[in-house]
There are 2 protein chains.
Amino acid sequence: MKSNLPDFDLDRYLPYRLTVIAAQLSARLSKQYKTQFGISIAEWRILLNLGYSGSGSVRDIEKRVSLEKSKVSRGVSRLEAKGYLTKSVDDKDRRLLKLALTETGVALLGELIPIATAYQEQLDEILGEKTQSLQSALDRLAESPD
Amino acid sequence: MKSNLPDFDLDRYLPYRLTVIAAQLSARLSKQYKTQFGISIAEWRILLNLGYSGSGSVRDIEKRVSLEKSKVSRGVSRLEAKGYLTKSVDDKDRRLLKLALTETGVALLGELIPIATAYQEQLDEILGEKTQSLQSALDRLAESPD
DNA sequence: TCATAATCGTTTCATTTGCAACGAAGTCAA
DNA sequence: TTGACTTCGTTGCAAATGAAACGATTATGA
């Protein structure tokens with residue numbers, strides 16, 4: 001087809017670019033967590049949140065780590081089945097679940113975190129002095145409306 | 001559970017951060033393209049690639065726009081069903097498909113591109129002087145070998 | 001030439017996803 | 001108190017996804 005289209009540079013188009021690079025960066029840890037620990041990214045985020053908050057509801061996690069509530073719900077169930085956390089009803093509000101890591105869960109998280117930290121350090125090394133400007137540019141995008 | 005975990009800042013963790021922001025940026029255009037034109041992101045990338053390359057095989061698109069070949073295959077089929085492109089066998093190598101936009105496909109793309117361009121400009125505005133440093137930081141990450 | 005290997009695009013299949021609907025529990029106001 | 005409304009977590013369901021297998025075609029090299 002003859003085309004007389006305006007120019008467009010996909011490689012500089014941020015929605016595309018960020019999606020591709022995010023997938024690239026996530027892929028490595030995702031594979032390692034899956035093969036070595038049988039844990040998905042969603043599960044990792046849940047563990048992490050519970051590790052630091054001490055306990056929380058499905059909704060707390062959903063808001064805090066950017067996961068849909070059905071994903072959180074299913075992730076929590078899997079983690080419970082594997083013995084990494086416990087579910088109980090919150091006494092103050094019986095609609096809520098009180099989720100908390102088990103000892104095994106804490107131990108697992110203790111293995112996952114150093115791996116992520118090492119990866120982040122590696123990325124910071126690659127970025128060098130650009131680390132700060134990247135983070136502050138991302139701050140801007142994150143704050144932007146819609 | 002008592003925890004004695006090393007510190008970890010998820011909000012500065014790039015694999016997470018980029019994933020969240022990428023999803024946020026993509027969501028807006030994704031919705032608009034879907035509701036207004038019935039087009040998915042994968043289809044948009046396919047259209048875009050064909051619009052500029054003139055024609056190409058499934059594999060060309062796969063490599064060029066970061067889509068799995070099954071996604072390309074299905075996207076191409078949908079676009080063909082909607083009349084936006086044509087499939088034919090490549091005469092030089094009969095394993096390959098020769099894909100090309102129809103007139104309708106070019107017209108559609110002619111509507112999609114200005115929307116994306118306007119969005120990119122809006123993002124550049126939000127980023128201001130940080131646009132360049134963001135792009136160059138992303139260059140670094142993209143080049144990194146994992 | 002002929003057998004083997006590689007590549008292309010499609011499809012199968014199990015899993016994942018996102019959305020909406022749901023029951024249970026809590027809130028609010030009349 | 002009652003009834004309408006909201007919130008919580010789960011689940012049903014249809015669609016999307018990704019990996020592997022497949023047939024068809026081409027490339028390679030003995």
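Naming: A, B, ... by sequence-line order, numbering from 1 per chain.
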What is the separation between atom [atom1] on [X] and atom [atom2] on [N], rounded to the nearest whole Å?
X        : N       : atom1 : atom2 : value
Asp90(B) : dT26(D) : CG    : C1'   : 12 Å
Ile46(A) : dG9(D)  : CD1   : P     : 12 Å
Lys98(B) : dG9(C)  : NZ    : C1'   : 17 Å
Arg94(B) : dC8(C)  : CZ    : C1'   : 13 Å
Leu99(A) : dC8(D)  : CG    : P     : 13 Å
Arg74(B) : dT10(C) : CZ    : C1'   : 9 Å
Leu96(A) : dA24(C) : CG    : P     : 17 Å
Ile61(B) : dG9(C)  : CD1   : P     : 9 Å

Nucleotide nearest [X] (side chain, heavy atoms from C-beta), chosen from [options]:
X        : options                   : answer
Ser73(B) : dG18(D), dT10(D), dT10(C) : dT10(C)
Val58(B) : dT10(D), dG9(C), dG18(C)  : dG9(C)
Arg95(A) : dT7(D), dC19(C), dG18(D)  : dT7(D)

Exercise. Roughly how far apart are Gln120(B) CD and Asp9(A) CG, rounded to 0.5 Å?
Worked result: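 With rounding to 0.5 Å, CD (Gln120(B)) is 9.0 Å from CG (Asp9(A)).
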Please enumerate all protein N or O atoms sitting under 3.5 Å from an N or O of nucleotides 2-5 of chain D, with distances to 0.1 Å.
none

Problem set entry | Glu125(A) atom CD: more than 12 heavy-atom contacts under 6.0 Å | no
For this session: Using a 4.0 Å heavy-atom cut-off across all strands, classify Ser57(A) as base, sugar-phosphate, or nothing.
Result: sugar-phosphate
Exercise. If you look at every strand shown and take non-hydrogen atoms under 4.0 Å, does Ser77(A) touch a base, only sugar-phosphate, or nothing?
Worked result: nothing
Problem set entry | Minimum-distance pair of heavy atoms, taken over all atoms of Lys130(B) and Ser136(A) | NZ-OG, 3.2 Å
Problem set entry | Electrostatic pair Asp90(B)-Lys92(B), nearest N-O below 4.0 angstrom | no
For this session: Taking only Lys NZ, Arg NE, NH1 and NH2, and the carboxylate oxygens of Asp or Glu, determine whether Asp60(B) and Lys98(B) approach each other closer than 4.0 Å.
Result: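 No, no charged N to carboxylate O under 4.0 Å.
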Exercise. With a 4.5 Å limit on heavy-atom distance, are the side chains of Leu141(A) and Leu18(A) in contact?
Worked result: yes
Problem set entry | Lys71(A) side chain near dT10(D) phosphate (N/O to OP1/OP2, under 4.0 Å) | no
Exercise. For dA19(D), does either OP1 or OP2 sit under 4.0 Å from a side-chain N or O belonging to Lys34(A)?
Worked result: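 Indeed not, no polar side-chain atom of Lys34(A) lies that close.
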Problem set entry | First encountered from the 5' end of DNA chain C, between Arg78(A) and Arg59(B) |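 On the 5' side of the pair lies Arg59(B).
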Exercise. On DNA chain C, nearest-nucleotide positions of Asp91(A) versus Glu62(B): which is more 5'?
Worked result: Glu62(B)
Exercise. Judged by atom type as modelled, is there a donor-acceptor pair below 3.5 Å linking the side chain of Arg94(A) to the main-chain atoms of Val89(A)?
Worked result: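 No, because the side chain of Arg94(A) does not come within donor-acceptor range (under 3.5 Å) of the backbone of Val89(A).
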